[in-house]
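Both backbone and side-chain heavy atoms feed into the values below; hydrogens, waters and symmetry mates do not.
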Amino acid sequence: MTDLPVPAGPPVYDTALGASSLHSITLLGHDLAADVMGEVGFGELAYWLATQRRPAPGQTRVFEAVLAALADHGFTPTAMVTRLTYLSAPDSVQGALAAGLLGGGSRFLGVTEDCGQFLHEVLAAEDGPLPGDDAGWDALALRTVRQRREAGLFVPGLGHHVHKEGDPRTPRLMQIAAEEDVFGPHLALFAAIGRVHPQVLGKTLPLNGAGVCGAALADLGLPLELLRGFALLARTAGLIGQLAEELRHPVARDIHLAVDLNNRPVPPDPYLPPLFPTTHEEG
């Protein structure tokens with residue numbers, strides 16, 4: 001029987017993130033207390049942590065504009081469930097916040113990641129150089145929208161249930177990205193989709209804020225797999241605001257009672273699997 005080699009020492013786990021010693025904490029190769037605290041804004045730090053490269057001021061401005069755009073949208077399901085969870089468990093702020101964040105999916109917040117990944121897949125599939133002018137981007141966008149329509153699929157980031165005549169966040173974020181010279185191919189394709197989709201769909205839909213945020217984050221070179229995480233980062237601030245307002249001007253109990261005191265008993269509506277008969281015949 002061959003003896004197994006004896007490790008020379010304890011295992012080592014490399015990290016460029018936070019590490020502590022007796023008298024100091026390092027983060028991203030810098031002294032946390034001396035070089036980061038009071039010197040680096042939270043948005044800049046969040047970008048830096050995710051990419052391990054420090055953003056330029058223009059990149060930070062666009063990134064923080066995205067966080068502002070996604071922070072709070074009023075009484076959305078994520079906000080209501082946070083308030084209702086706090087009503088049920090006021091001893092668990094973390095539970096209330098977590099409940100709201102868990103609601104970030106394909107209908108709320110998740111569109112940011114869906115759109116960024118969709119645009120990236122279209123760009124990655126292109127052979128040769130990407131378009132160099134609006135006409136080229138329009139041609140690519142037209143082909144893309146037609147393919148989605150033929151496949152019976154929606155175009156992520158297209159349409160909004162409230163801002164039917166235009167989402168005010170979209171042109172503003174595009175303007176900021178252009179001002180900071182970080183208006184890249186994802187935003188260019190997204191803007192082109194906004195111009196050409198009526199030719200395919202027969203109607204004009206707005207480019208929504210969640211979608212433009214995904215395009216902007218992709219142009220910033222952030223990990224596509226984590227785009228929803230940045231939306232959740234932004235919404236965390238909004239949910240803290242929802243809880244702070246709930247403490248001073250509570251509405252969760254009214255929401256609960258509006259449903260609980262207005263329920264109406266009805267006969268059962270049995271579920272039957274699709275392959276089962278809808279009626280039972282007695283022999």
Side-chain angles (χ1 to χ4, degrees), residues 50-51 59 62-63 65-66 69-70 73 104-232 234:
T51 63
Q59 293 173 313
V62 171
F63 181 66
V66 168
L70 298 175
H73 297 165
S106 59
R107 293 183 178 175
F108 290 87
L109 295 177
V111 176
T112 296
E113 181 175 299
D114 296 342
C115 187
Q117 291 192 343
F118 158 69
L119 295 170
H120 189 78
E121 289 169 2
V122 173
L123 296 172
E126 281 297 288
D127 292 327
L130 295 175
D133 55 23
D134 283 353
W137 284 113
D138 287 356
L140 175 57
L142 192 60
R143 186 167 70 250
T144 299
V145 177
R146 282 175 175 159
Q147 290 172 347
R148 298 288 290 189
R149 180 66 179 270
E150 291 168 359
L153 300 172
F154 293 110
V155 177
L158 192 58
H160 197 282
H161 68 290
V162 175
H163 304 299
K164 297 183 181 300
E165 296 182 359
D167 191 320
R169 297 169 295 176
T170 300
R172 178 57 176 154
L173 187 54
M174 288 186 174
Q175 176 190 358
I176 294 170
E179 290 173 353
E180 300 298 342
D181 198 28
V182 289
F183 193 105
H186 299 86
L187 281 170
L189 176 57
F190 194 57
I193 288 173
R195 293 192 295 267
V196 307
H197 75 270
Q199 299 177 45
V200 180
L201 304 183
K203 58 183 176 180
T204 300
L205 299 172
L207 296 174
N208 61 52
V212 76
C213 287
L217 292 174
D219 275 346
L220 289 174
L222 291 160
L224 295 172
E225 301 85 354
L226 298 180
L227 296 190
R228 187 175 301 186
F230 299 113
L232 296 174

Asker: Give me the ring orientation class for F63 and F230: parallel if the planes are under 30° apart, tilted from 30 to 60°, perpendicular past 60°.
Answerer: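 Perpendicular, since the angle between the ring planes exceeds 60°.
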
Asker: So do F118 and I193 actually touch side chain to side chain, heavy atoms under 4.5 Å?
Answerer: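 I193 vs F118: side chains touch.
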
Asker: Between V162 and H73, is any pair of side-chain heavy atoms under 4.5 Å apart?
Answerer: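 No - every pair of side-chain heavy atoms lies 4.5 Å or more apart.
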
Asker: Run the side chain to side chain donor-acceptor pair (under 3.5 Å) check on E179 and Q175 step by step: do they pass?
Answerer: CA-CA 6 Å; E179 290 173 353; Q175 176 190 358; 3.0 Å; yes

Asker: Are D167 and L207 packed together at the side-chain level, in the sense that at least one heavy-atom pair is separated by less than 4.5 angstrom?
Answerer: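 A side-chain contact under 4.5 Å is absent here.
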
Asker: Please say which of R149, R143, E150 ends up in a side chain to side chain contact (heavy atoms under 4.5 Å, CB included) with V200.
Answerer: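 Filter result, single survivor: R149.
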
Asker: Between H197 and T204, does a side chain to side chain contact (heavy atoms under 4.5 Å, CB included) hold up when you go through it step by step?
Answerer: CA-CA 7 Å; H197 75 270; T204 300; 4.3 Å; yes

Asker: Taking the side chain as everything from C-beta on, heavy atoms only, tell me whether V212 gets closer than 4.5 Å to L187.
Answerer: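 The answer is yes, as the side chains (C-beta and beyond) meet within the 4.5 Å cut-off.
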
Asker: Could you tell me whether the side chain of L158 reaches within less than 4.5 Å of the side chain of N208, counting heavy atoms only?
Answerer: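 No, too far: nothing below the 4.5 Å cut-off.
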
Asker: By the ring-ring contact (aromatic ring centres under 6.0 Å, His included) test, which pairs, at least two apart or in different chains, include something from residues 143-169?
Answerer: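 Applying ring-ring contact (aromatic ring centres under 6.0 Å, His included) to every pair that reaches into residues 143-169, excluding sequence neighbours, yields H160-H163.
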
Asker: Side chains of V155 and L205: does their closest heavy-atom pair fall under 4.5 Å?
Answerer: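 Side chain of V155 against side chain of L205, heavy atoms only: no contact under 4.5 Å found.
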
Asker: Would you give the length of the straight line joining atom CZ of R228 to atom CG of L217, rounded to the nearest 0.5 angstrom?
Answerer: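 CG of L217 is found 13.5 Å from CZ of R228.
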
